[in-house]
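See structure below.
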Amino acid sequence: MSRTLLRNSALCIVLGSAAAMPARAADPAPAATDQIGSIAICEDENEWPPYSYFQRKQGKPTRQVVGYAVDVIDEIFKRHQIAYHIDMIPWNRCMAVAALGKEYQLVFNLSYNPERLKTFLFSRAYYATTTYYFYSRRNNPTGLAIKAPGDVKKYRICGVRGYNYTGYGLAPGDVDQGSGDFTALVAKLQLGRCALFLEKKEIMAGYAAIGRDYLADPDIASAPVPGVRPSLFYYGVSRNYALAPALMRIIDDELLTMESSGRLHELWAKAAPKLVRAAMTP
């Protein structure tokens with residue numbers, strides 16, 4: 001991908017580089033790809049727009065799951081005659097059940113940490129996001145003194161249950177993850193029960209684009225976390241799924257082809273609301 005395309009798409013995909021893919025343990029030899037008939041996918045019921053969320057009709061969510069992550073995997077699977085279905089369930093349950101490789105074999109929008117690598121094969125990265133901290137102007141009218149990533153630890157941090165914060169250099173005990181969703185998270189921030197929460201700029205813009213504008217309150221402010229590199233996201237396949245190596249080979253090969261041809265950029269332009277594309281523009 002050229003520098004121009006990378007900048008214009010704001011996709012920040014780093015395919016083909018060592019940074020784009022976590023190191024893997026040795027995997028068994030791939031099985032025959034024609035043995036893969038259908039795949040069950042789980043995703044967070046809280047939604048992750050614009051990557052995976054319920055389609056809206058007249059402002060109300062339907063049962064149809066759409067988004068950039070869906071469009072990419074749909075194109076890959078159709079080329080290989082692989083049937084699939086997606087269930088939106090609690091994220092903790094999705095991760096636990098998918099790790100077993102029986103009821104579900106694939107998860108979307110997976111960020112890396114060492115524990116996840118033990119139970120999932122990671123695909124090539126297919127998008128990246130930028131990390132912001134969000135705080136209450138009412139409770140912190142002069143802002144927060146954050147000049148480096150480690151500065152966030154000076155404050156009480158809130159997060160969503162089951163989400164991965166290790167990429168920010170935070171241990172599980174550093175984040176109060178008592179909130180089940182973003183509604184509860186923002187309420188806790190407004191009530192002063194924490195000083196900040198960390199989230200992707202693109203995701204917060206994505207929620208606004210589907211009618212859940214968590215940041216409509218003018219008292220909530222945000223700023224990029226200095227020195228934090230873009231967060232990469234992957235498809236994850238359970239290591240306990242017998243055909244995991246074959247499935248991952250299909251996904252990786254297709255992602256590389258789609259990135260090289262510009263098809264990922266085309267799918268992103270189609271899937272992302274204008275609001276989100278604007279948010280991702282440097």
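Treat the numbers as computed from the prediction; the structure is a model and nothing was measured.
- T130 and E202 share a donor-acceptor pair across their side chains, judged by distance under 3.5 Å alone.
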In a table with atom names and distances, give each donor-acceptor pair under 3.5 Å that connects a side chain of residues 138-150 to protein atoms at least two apart or in another chain.
residue: R138; atom: NE; partner: D219; partner atom: OD2; Å: 3.3
residue: R138; atom: NH1; partner: Q190; partner atom: O; Å: 3.4
residue: R138; atom: NH2; partner: D219; partner atom: OD2; Å: 2.8
residue: N139; atom: ND2; partner: S136; partner atom: OG; Å: 3.4
residue: N139; atom: ND2; partner: L189; partner atom: O; Å: 3.3

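- Residues I220 and Y135 are not in side-chain contact: their nearest non-hydrogen atoms beyond the backbone lie 4.5 Å or more apart.
- Within 6.0 Å of atom CZ in R56, more than 12 heavy atoms from other residues, nucleotides or ligands are found, so the atom counts as buried in its surroundings.
- In summary, the side chains of S238 and Q105 do not present any donor paired with an acceptor at a separation below 3.5 Å, with no hydrogens or angles considered.
- For the pair R156 (side chain) and R193 (backbone), a donor-acceptor distance under 3.5 Å is present.
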| Full working for salt bridge (charged side-chain N to carboxylate O under 4.0 Å, His left out) between R161 and D181 | CA-CA 8 Å; R161 190 176 305 121; D181 56 28; over 6 Å; no
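- Counting only heavy atoms from C-beta outward, the side chains of Y53 and W48 never approach each other to under 4.5 Å.
- Between the side chain of R239 and the backbone N or O of A99 there is no donor-acceptor pair closer than 3.5 Å.
- For the residue pair N109 / Y235, no side-chain donor-acceptor distance below 3.5 Å is found, with atom types taken as modelled.
- Counting heavy atoms from C-beta outward, Y168 and V225 have side chains that stay 4.5 Å or more apart.
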| task | May I have the step-by-step check of ring pair (Phe, Tyr, Trp, His ring centres under 6.0 Å) for Y133 and F197, ending in yes or no? | result | CA-CA 6 Å; Y133 65 91; F197 69 84; over 10 Å; no
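- Using a 3.5 Å distance cut-off with no hydrogens or angles, the side chains of S111 and N164 do pair a donor with an acceptor.
- With sequence neighbours excluded, the residues that form a ring-ring contact (aromatic ring centres under 6.0 Å, His included) with Y207 are F182, Y214.
- For residues 118-225, the set of pairs meeting the disulfide (SG to SG under 2.5 Å) definition, not counting sequence neighbours, comprises C158-C194.
- For the residue pair H265 and E259, no side-chain donor N or O sits within less than 3.5 Å of a side-chain acceptor on the partner.
- The local environment of NZ in K154 is crowded, with over 12 non-hydrogen atoms from other residues, nucleotides or ligands closer than 6.0 Å.
- The backbone N or O of I76 lies less than 3.5 Å from no partner atom in the side chain of E254, so there is not a single donor-acceptor pair.
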| said: Is there a side-chain contact (heavy atoms from CB on, under 4.5 Å) between F108 and Y51? Walk through the geometry before answering. | reply: CA-CA 9 Å; F108 288 166; Y51 307 102; over 6 Å; no
| request: Using the salt bridge (charged side-chain N to carboxylate O under 4.0 Å, His left out) rule, take K270 and E266 through it: C-alpha gap first, then chi angles, then the decisive distance, then the call. | output: CA-CA 6 Å; K270 170 189 171 187; E266 292 174 358; over 6 Å; no
| message | Show, in sequence, the C-alpha distance, side-chain angles and deciding distance for K78 and D74, and conclude whether the salt bridge (charged side-chain N to carboxylate O under 4.0 Å, His left out) test is met. | response | CA-CA 6 Å; K78 280 181 177 176; D74 179 76; 3.3 Å; yes
